[in-house]
Amino acid sequence: MQSNNPYFTQPTNPYYRRIDLPAGDLHVFAHDELFHAMGNKVLEMANNNLQIPHIRYMSYTPDAHVGVGTCIGTTAVWGAEDGFVSPSIVGSDIGCGMRVHLTNLQASELQDVKLRRKLVKAIEKRIPVENHARGYFSDIRLEDVLRKGLHGLPGKYVPDAYTPRKATSLTHVESSRFHFDEEALNRIPEPVWHRSHRQLGTLGGGNHFIEIQAISLNEENRPIAESWGLRDGQVAIMIHSGSRAWGGAVNQYSGSEVVKTMHRLGLGTSDPKLVFAPLGSEAGQTYANLMYSALNFAVANRHLMAFAVRDAFKETFGAQAETRTLYDLMHNYACEEEHDGEALFVHRKGTTRALPAGHADNPEPYRETGHPALIPGSMGTSSYLMVGAQDGGRNYHSICHGAGRVRSRNATKQLVTVDEFAASMRIGREDEIVVNHRGLEAILDESPQAYKDVDRIIDSVVNARLADVVAKCRPLAVVKGV
DNA sequence: ATGTCC
């Protein structure tokens, strides 16, 4: 196949290529066809990102697509000593990520469409999805959440046997707590504190969702699945959300200082939307500190929503309904990690860390198998539970974060009809994927036609030997915001 | 993504 990009070379492996861009090397983990579908703009963006000083590594996952300043699907690595931090690479929704809970229900128990509707209503009663709506967790101190993450929540929101055993990992639910210089919190003005406090326990819009799913195991990895507590036909809960208004304010109130620092140091690229500062500079430190507060917010917020969904399950299916935590991990963040004994500063923008079996950074309950890597599909299509492969170290243990958009929100609204969307959700059939919105036009820009085929993305991740499929999760019902 | 133009 002929390519129109000037850096095209025939790869020896159809699932990986190294591209020798003027500013440095870009590593692409995607099947040829997916790579060619990305277009040249993603290469221009990579070339800009590679101009940030001291960058050691940059790659794209197969779901990579154009974002602001940096593509979604980017892994970018610096040394911790002479590194840079880039708000543009972390992205606008700091701490955005996934959470999965396992229930003791089987999908056959949700066969009645009326029961799925009842469950969706019970979730909506506890998690407002409208824009500007306030959450139901006013007894929580925002400052505690920002400073301590999950550890800042009152004990009643962390029920016994709700989270896995104690473990040490930044992204593990139980120990999720990002330490930072709390002085930086004073940068955020009072109205944002007020708004963010009200937003605790709210979902947000765009691609955020709460989905009820049915699990099917990949036979090859059945032992891993079973050790994680997965069963065929088991009902799971998947939550996708981020740091809401707080993360946006972090970007807003630390961004101008980052830009000033760039100017002072004479740094920049042809893209004014690509901003960065030395990790050791005052602006870099301020941004990093505030970014960590947003990570704390995002993890605690997903936890609170999971707590609310747990209540909804108990109301719908009785007190014996269980919803234990499988895992929670982010796909928009930057933090220090050790790779091959060296301290590095790793950015992931729309990429998911997937550690393999035996890796020391796995939380203890997942040390032997590798931790679950949670990959959402598009609405109406399956999501995946993955586990990192040993070869994943080639990409700093980063894999995709989902299907990846294939057309813009506006283009989707032009192209896709409500009827086509309804058909893909099987609306009106006994096996319909129940959606909380009665009028699908409100979320038409999130229809599956807006996204790449997640199965092909997963195929690339598996064949690039970054991760393996442990289970596939078929949607039964979905709650979307606006 | 975002109180998406208080």
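Throughout, protein chains are lettered first and strands after them, A, B, ... in sequence-line order, and every chain is numbered starting at 1.
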Using whole Å, report how far [atom1] of [X] lies from [atom2] of [N].
{"X": "A:Asn410", "N": "B:dT4", "atom1": "CG", "atom2": "P", "result": "17 Å"}
{"X": "A:Gln199", "N": "B:dT2", "atom1": "CD", "atom2": "C1'", "result": "9 Å"}
{"X": "A:Gln252", "N": "B:dT4", "atom1": "CD", "atom2": "C1'", "result": "12 Å"}
{"X": "A:Ile188", "N": "B:dT2", "atom1": "CD1", "atom2": "P", "result": "16 Å"}
{"X": "A:Asn251", "N": "B:dT2", "atom1": "CG", "atom2": "C1'", "result": "10 Å"}
{"X": "A:Leu203", "N": "B:dT2", "atom1": "CG", "atom2": "P", "result": "8 Å"}
{"X": "A:Arg409", "N": "B:dT2", "atom1": "CZ", "atom2": "P", "result": "9 Å"}

Applying a 4.0 Å non-hydrogen cut-off, can you work out what [X] is touching in the nucleic acid: base, sugar-phosphate, or nothing?
{"X": "A:Arg198", "answer": "base"}
{"X": "A:Gly206", "answer": "sugar-phosphate"}
{"X": "A:Gly205", "answer": "sugar-phosphate"}
{"X": "A:Gly204", "answer": "sugar-phosphate"}

Exercise. Does A:Asp144 pair with A:Arg147 as a salt bridge, N-O distance under 4.0 Å?
Worked result: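 Yes, this pair counts.
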
Problem set entry | Salt-bridge criterion met for A:Glu432 and A:Arg117 (N-O under 4.0 Å) |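 Answer for the salt bridge query: yes.
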
Problem set entry | Six-ring centre of A:Tyr451, A:Arg405 cation under 6.0 angstrom, axis tolerance 45° |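 Geometry flag: set, cation within 6.0 Å and 45°.
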
Problem set entry | Exceeds 12 heavy-atom contacts within 6.0 angstrom, atom CD of A:Glu182 |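 More than 12 heavy atoms, drawn from other residues, nucleotides or ligands, come within 6.0 Å of this atom.
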
For this session: Report yes if at least one side-chain N or O of A:His132 is closer than 4.0 Å to OP1 or OP2 of B:dT2; otherwise report no.
Result: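 For A:His132, the contact criterion (side-chain N or O under 4.0 Å from OP1 or OP2 of B:dT2) is not met.
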
